[in-house]
Each structure stands twice: as structure tokens, then as C-alpha cells.
Amino acid sequence: MSILDGLNESQLEAVRTVEGPLLILAGAGSGKTRVLTRRIAFLAAEQNVLVDRILAMTFTNKAAGEMRERVEDLLERSCRGMWIGTFHSLCARILRSEAESVGLQQNFSIYDTTDQMALLRRVVRDQEMSEKQYPPRQIRARISREKNRMVDVAMFSQRASTYYEQEIARVYRQYQDALRQNNAVDFDDLLVTTVRLFQNHPEVLEKYQNQFDYLLIDEYQDTNRPQYLFAQYLAEKHKNICVVGDDDQSIYAWRGADLRNILDFEQDYPSTKVIRLEQNYRSTQIILEASNAVIRHNLGRKGKELWTERVSGDPIRLKRCQDEREEARWVSGAMQDLKQSGKYRYQNMGVLYRTNAQSRALEDGMRRAGIPYDIVGDVRFYERKEVKDILAYLKLVANPRDSVSFSRIINTPRRGIGDTSVSRLDDFAMREGLSPYAALAHLEAVETIPARAKKMMATFYEMVEAFRAEMGQLRADQLAEKIVSETGYLEEVNKLAPGEAESRRNHIQELLTDMEVFVEQSEDVSLEAYLRNVSLVTDVDQWAADADRVTLMTLHSAKGLEFPLVFICGLEDGLFPIIRPGEDGVAEEEAMEEERRLFYVGITRAQDRLFLSYAALRRRYGGTSSSSVSRFVGEIPEDLIDSEFRISEITPSRERKKTKPRPVLLPSGDAFPMERGTWVYHPAWGRGQIQNRSGTGQNTKLQIRFEGGETKTVVVKFANLQSG
DNA sequence: ATACCCTTCATTTTT
DNA sequence: TGAAGGGTAT
């Protein structure tokens with residue numbers, strides 16, 4: 001098969017445009033992955049580019065793995081030297097080889113959210129701050145947000161004006177110090193530290209700039225500030241940067257993704273060529289029309305209209321249900337009918353919802369109807385206690401300074417070492433400038449710990465020391481096996497209730513098997529090599545596509561997937577779009593647009609048929625709340641929908657108003673509609689376009705993006721705006 | 001050191 | 001509704 005076979009015109013152009021900045025706006029189902037992989041293959045096979053001079057960045061391991069595999073299929077050879085990976089894994093790789101430049105040891109640990117929380121709790125406690133007033137959860141989110149904006153401790157402290165902010169700054173500082181002492185970084189740090197490395201060590205940056213001639217980035221709409229900078233630095237010299245994304249599918253702003261990265265790409269890279277992939281190969285016309293109609297309500301977008309050669313297809317089914325139980329019955333009933341028709345199998349059906357909590361009722365319905373199902377994103381494998389415990393042993397063995405792993409296992413399985421003894425050890429370690437683990441070697445100097453606890457600690461120390469001594473000789477899986485048996489972990493598990501014990505044993509076994517597989521496939525069979533790999537993997541592909549099961553998942557998890565039949569449940573105002581009180585106008589509008597993009601993502605997952613449902617009454621948090629149909633449903637043209645009731649009949653007129661565009665308010669003076677998208681003229685700033693608005697009348701605040709590139713917020717009564 | 005009750009608190013989660 | 005963390009009683 002030739003690399004250019006079967007591509008449409010724009011795809012072909014995207015593949016062949018090799019030099020210079022390239023922005024590929026790839027609509028849902030437009031063959032984006034295909035273009036990316038062909039492009040890499042084209043570079044290698046037709047342009048004689050060495051694969052190790054190509055750097056391809058994705059967000060998930062799955063995407064990275066698939067990309068590599070497909071490129072290898074196309075080239076019919078291995079691409080071992082090619083750097084394809086997630087932003088995080090690529091950064092980790094760079095940091096490991098440049099560790100000393102950033103004050104880390106090469107074997108540093110990577111902390112996930114749970115580890116972060118554990119460390120933060122300790123920091124907050126050590127500062128004698130109340131966890132009530134400074135909930136670690138919130139502080140974690142805040143620190144993460146700051147990192148996503150490249151705000152470091154110094155900057156943050158400087159900006160902290162209120163007492164509360166100053167306290168947060170203090171925790172942020174302590175937390176970073178603690179990480180460093182633990183020879184650890186968190187997920188955000190992987191990116192931030194690499195960018196700082198590039199900023200502070202030009203010679204290192206230059207080395208990597210010279211190493212890669214071609215950059216490719218997938219899902220560019222989801223990049224945050226550090227990711228943006230990472231790519232920008234590397235592309236600085238040659239500007240051979242190709243980004244693929246869809247602004248309409250940006251659904252991770254709450255995690256730091258910055259839509260401006262894709263919206264402003266053309267300004268950031270002046271001679272950018274833009275290619276739109278608008279032919280959709282996935283969905284029927286009806287489904288596409290619905291998605292186009294919905295997304296058109298958003299203003300902050302590049303603008304795209306998807307089209308298809310597929311038939312118009314079946315109308316969208318809309319069902320109003322009494323409550324979530326009836327909704328589940330309706331969904332499962334429909335699934336059975338469709339299965340019985342012989343046209344579809346269960347694996348062709350996906351059920352999507354806004355919140356995980358909704359899965360319970362749906363699950364019940366599936367069970368009652370006897371429909372086999374999988375839930376994606378349940379408890380993740382690597383987040384299970386038993387798995388984390390075993391990994392903590394391994395991480396401590398590899399990095400003895402890792403105090404989070406240490407605290408996790410010092411008394412796991414229980415060996416009679418209580419919290420008090422551990423915190424006394426911590427105090428001692430702190431005084432002596434040692435890691436808690438290293439302090440175990442000097443127990444005789446700690447008078448406050450009772451002899452019994454000391455003895456247990458000493459035994460623990462010798463045990464781990466023995467593991468450490470063997471680390472060089474044993475394969476990763478052998479060492480893990482040893483740990484599972486010699487620590488007494490299995491015995492402890494066996495004391496649990498039979499069902500629980502079995503499930504945990506299975507997970508431990510799964511981990512061991514996973515390690516065996518790794519060892520078989522890897523040249524480097526050491527523990528360090530395994531840990532390097534595992535710290536950034538979040539779930540083993542739990543999703544067996546061959547089983548005939550329906551899939552239940554959140555709309556977020558559905559991105560990138562497709563199903564012949566898609567059910568979107570819980571389409572109620574307040575639930576989807578989810579509405580959180582207490583946000584100001586601008587943020588609210590932005591949040592609404594993101595919700596709409598999420599709905600757009602949901603709709604465009606469907607190939608053949610789309611089913612929508614909502615419940616008039618829904619139990620939420622114990623209580624019951626009544627709600628009306630989602631405003632998003634009203635954005636789908638009625639003639640595409642087939643429901644027992646027309647929407648106009650089921651929606652009281654009072655509710656219906658909400659789904660209509662807001663009345664346009666005119667300011668006095670030079671009249672122009674104060675709605676988003678309108679062009680205005682500002683005496684000082686010149687021409688600009690309204691991005692957002694909040695408030696009413698003369699007090700309305702408008703966020704305006706001016707032609708100079710700046711975005712300002714102005715109050716109508718002071719701004720003296722004119723129609724532009 | 002641990003078992004059990006009580007309070008609190010709830011979107012989404014690629015790494 | 002129910003999970004998770006904290007506090008108290010054993």
C-alpha cells in the first residue's frame with residue numbers, strides 16, 4: 001500500500017506539506033490520525049528524513065502507541081529511534097538525561113494525584129495550618145493550576161496579596177521543597193521543569209533543537225501553557241511544526257488547556273498554512289447536521305462545517321423519562337431491540353453521560369435487562385490500593401528518598417508501627433536532614449520511639465535493604481514477586497473478606513504478569529526501567545473490544561472513540577450543561593461553550609444513530625430534583641428529531657425562552673448589538689470583536705479582542721464604543 | 001493500634 | 001446517595 005493511497009485532497013495536502021508551520025483543523029471523524037501517521041511515513045519514506053529526527057507528541061499513551069504502530073505498518077519496518085510519546089513521557093525522558101541540570105537524581109519518582117495529596121497533607125500539617133481552612137484538595141488544584149500557567153513559587157509569592165494567598169504561597173514553596181527532598185516531581189512538574197530547563201540552559205535546549213527537524217502535535221486544542229512553550233522552544237529554529245486539532249472539541253479547559261493556543265497559532269507562527277479537514281467519514285448526514293447546528297452557537301471558534309457523503313440516515317430519537325430508572329429501562333430496552341434486529345451487536349453501542357454518578361442507575365438497568373456492559377474509567381488499575389502499595393515498595397527500593405512511598409508502606413502490611421512512632425521518626429529525620437528511610441539506619445539515636453516499634457522498624461529496614469541489594473541482580477518482575485511474598489502482603493490480603501481478598505489477589509497477579517510482559521519485551525529488565533515506564537501509564541487497556549458488551553462512560557472519556565449507536569443520557573438543564581452557581585458572567589459563558597463542545601463531542605461519536613434522553617425527576621445527592629430538558633436539545637433542528645412529543649410541546653413556554661438567544665440589548669448612543677461576535681470601535685484601542693459579555697444595560701461589561709491582538713474588558717457606560 | 005461512628009462533600013480527569 | 005476522612009471509644 002502506498003503512503004498516499006486513498007487520501008482526499010485536503011488530507012493529501014496535509015501529508016505533503018512538510019516544511020514550515022502547518023495547522024490542520026481536523027473535524028470529528030475527518031481522518032486525523034490517518035493524516036498524522038501518513039505524514040510521518042511520508043517524511044521517512046519519501047523525504048528521506050531519519051525517523052529519529054521526528055518528534056511526535058500526543059496526550060495519551062494509547063494514542064502514542066497506535067501512532068507508532070501504524071507508522072511501522074506503513075513503513076514496514078521498526079521505528080525504534082522515533083520519539084513518539086505523550087508530552088509527559090517525553091519530558092520525563094529528557095529530565096532523566098538532564099537530571100543534574102535541574103537538581104534531580106536520575107532515578108526520581110513521579111507523583112500522581114494521590115501521592116501529591118499525601119505530601120501536601122504533610123506539608124499543611126507541618127505548617128500547623130488547619131486542614132479545614134486549607135483543604136489539601138483545593139490547594140492541590142490551585143498549585144496545579146498555577147503550574148499550568150507557568151507561575152512558579154517566586155512569582156506566586158510576589159503576587160499573593162491577601163493573607164490567604166500568602167498562606168497558599170507558603171504551602172506551595174514547602175511543597176516544592178518537599179518534592180525536591182524526595183527526589184520527586186509531580187505530573188505538572190514534568191512539563192514545567194522541562195520548560196525551565198530549556199529557559200535556563202540554552203545549550204541543552206540547543207541540543208534538542210538540533211536533534212529534531214520535524215515536530216508533530218496531536219490534539220493541539222488541549223495543550224496548556226507549558227506544553228505550548230515546550231513545542232515553541234523546540235520549533236524555534238526550523239519552524240517545522242505541524243499541529244492537528246479541533247477547537248470545537250476542546251473540553252479540558254478546566255485542566256489548564258488553553259484554547260488560545262490553537263486559535264492564535266497563525267499569529268504565533270506567521271507563515272502558517274492552514275488546512276481544514278471537513279469531510280467526515282463517520283456519521284450520517286442527520287447526525288452531522290445536528291452537530292453543526294449545535295456547535296454554531298459557540299462564538300470562540302475557528303469555524304468549520306462538516307459534511308459527509310453518507311446517506312441522511314435515521315432521525316435522532318429523543319425520549320423524555322419520568323426519572324433516571326425509567327431512563328435506564330428505556331436505554332436498555334432500546335438496546336435489546338436493536339440487538340434483536342440483528343443489525344447491531346452490543347459492542348456497537350455506547351452510553352455517554354456527563355457525570356460518573358449517573359452510571360449507577362444505568363448499570364442497574366443493564367443488569368436487570370441482562371445486557372453485558374463495561375464501564376470505562378471506573379477505578380483505575382494503577383490507583384487501586386494493592387497496586388499502589390506494591391509499587392510503593394518498588395519505588396522506595398529504587399528511590400530511597402521517596403518519603404511518600406515510604407509512609408505508604410512503613411506499616412503496610414501492619415507491623416505494629418503506629419502513626420506516633422512514624423511521626424517521631426519524621427521529626428528526627430527532619431532535624432538531621434535525612435530522608436525518613438535513611439533515618440532508619442540511626443534508630444538508636446531516637447529516644448522517643450518505643451523499643452518495640454524500633455525493633456519492627458529495624459526489621460523493615462533490613463528487609464528493604466536486602467531488596468535494594470538485589471535490585472541489580474534481579475529482574476523487575478522477580479523482585480516484585482519477592483516483595484509480595486516476603487513482606488507478608490499476601491497474608492494480610494488473605495485476612496480480608498473472601499471476595500475482597502480474591503479481587504485484590506487478582507490485581508496483584510495482574511501487576512506481576514504485567515511486569516513479566518514488560519521484562520520479556522524490554523531490553524532493559526531492571527526495576528528502574530520498569531518504573532520509568534509504569535509511572536506514566538494510567539490504565540492497562542481494560543477495554544477489550546472483542547467482547548460483545550455495551551460501553552458506559554463519561555462524555556470526556558468518549559473523545560476519540562466512535563460507536564454505530566450512541567446514547568446520550570441525562571440531557572437536563574443543570575446536569576448537562578452542568579451549571580455551577582457562583583461564577584461571574586464571563587466565566588459562565590466560557591463554561592457554557594465548553595459544555596456545548598462536550599455535547600458536540602458526544603453527538604459526533606455516533607456513526608449511524610443517536611439517542612437522547614432526559615429525566616423529569618432525578619435523584620441527586622440523595623434528594624430529588626426536577627428539571628427540564630437541556631437547552632442543547634433545543635439547538636438541534638426539530639426536523640432531525642423523532643420524539644414521542646415534539647420539543648415545543650414538552651417544554652413549557654417559560655422554559656423555552658431560555659433556549660432562545662438572549663434578546664439583544666442596545667446601548668444608547670451609537671447603537672450596536674451587544675452580543676458576541678459584533679465588531680465595535682473603541683476610541684483608544686481601535687476595532688475589536690466582542691468575545692463575551694456580562695451584566696445588563698449601561699453596566700454591561702464586554703470583553704473585546706482588539707485587532708492589535710490584545711483582549712480588554714470594558715464597561716459600556718465608560719467606554720464610548722461605537723459600531724465598528 | 002484499631003474499630004467504628006459521625007460529619008462533610010460532592011463535574012469532567014488524556015498524565 | 002455513599003465515599004472518605006476525622007474523631008472517639010475500646
Considering only [options], which nucleotide approaches the side chain of [X] most closely?
| X | options | value |
| --- | --- | --- |
| R414(A) | dT12(B), dA3(B), dG5(C) | dA3(B) |
| Y621(A) | dT11(B), dT14(B), dG6(C) | dT11(B) |
| T554(A) | dG2(C), dT15(B), dT13(B) | dT13(B) |
| R121(A) | dG2(C), dG5(C), dT12(B) | dG5(C) |
| T420(A) | dT12(B), dA1(B), dT14(B) | dA1(B) |

Taking [atom1] from [X] and [atom2] from [N], how many angstroms apart are they, rounded to a whole number?
| X | N | atom1 | atom2 | answer |
| --- | --- | --- | --- | --- |
| L555(A) | dT13(B) | CG | P | 10 Å |
| N533(A) | dT15(B) | CG | P | 13 Å |
| M553(A) | dT13(B) | CE | C1' | 15 Å |
| M57(A) | dT14(B) | CE | P | 21 Å |
| Q138(A) | dC9(B) | CD | C1' | 11 Å |
| I579(A) | dT12(B) | CD1 | C1' | 15 Å |
| F87(A) | dT13(B) | CZ | P | 21 Å |
| R225(A) | dT15(B) | CZ | P | 24 Å |

Is it true that [X] and [Y] make a salt bridge, defined as a side-chain N closer than 4.0 Å to a carboxylate O?
| X | Y | answer |
| --- | --- | --- |
| E528(A) | R96(A) | no |
| D189(A) | K147(A) | yes |
| E383(A) | K388(A) | no |
| E363(A) | R360(A) | no |
| D258(A) | R260(A) | yes |

Report task. Go through the N and O atoms of the side chain of R354(A) and the base of dT11(B), and report whether any donor-acceptor pair is under 3.5 Å. Result -> yes
Short side-chain N/O contact from [X] to OP1 or OP2 of [N], under 4.0 Å:
| X | N | answer |
| --- | --- | --- |
| N356(A) | dT13(B) | yes |
| R255(A) | dT12(B) | no |
| Y252(A) | dT11(B) | no |
| N411(A) | dA1(B) | no |
| S557(A) | dT13(B) | yes |

Query raised in the report: Do the ring centers of H556(A) and Y252(A) come within less than 6.0 Å of each other?
Result: yes
Report task. Give G416(A) one of three labels, base, sugar-phosphate or nothing, depending on what nucleic acid heavy atoms sit under 4.0 Å from its own. Result -> sugar-phosphate
Requested in this report: Have a look at I417(A) and say if it touches a base, only the backbone sugar-phosphate, or nothing, with a 4.0 Å heavy-atom cut-off.
Outcome: sugar-phosphate
Report summary line: Sorted by position of nearest nucleotide on DNA chain B, 5' first, the leading residue of T113(A) and A357(A) is A357(A)
Report task. Could you measure between the two P atoms, the one in dT13(B) and the one in dA4(C), and give it in whole Å? Result -> 16 Å
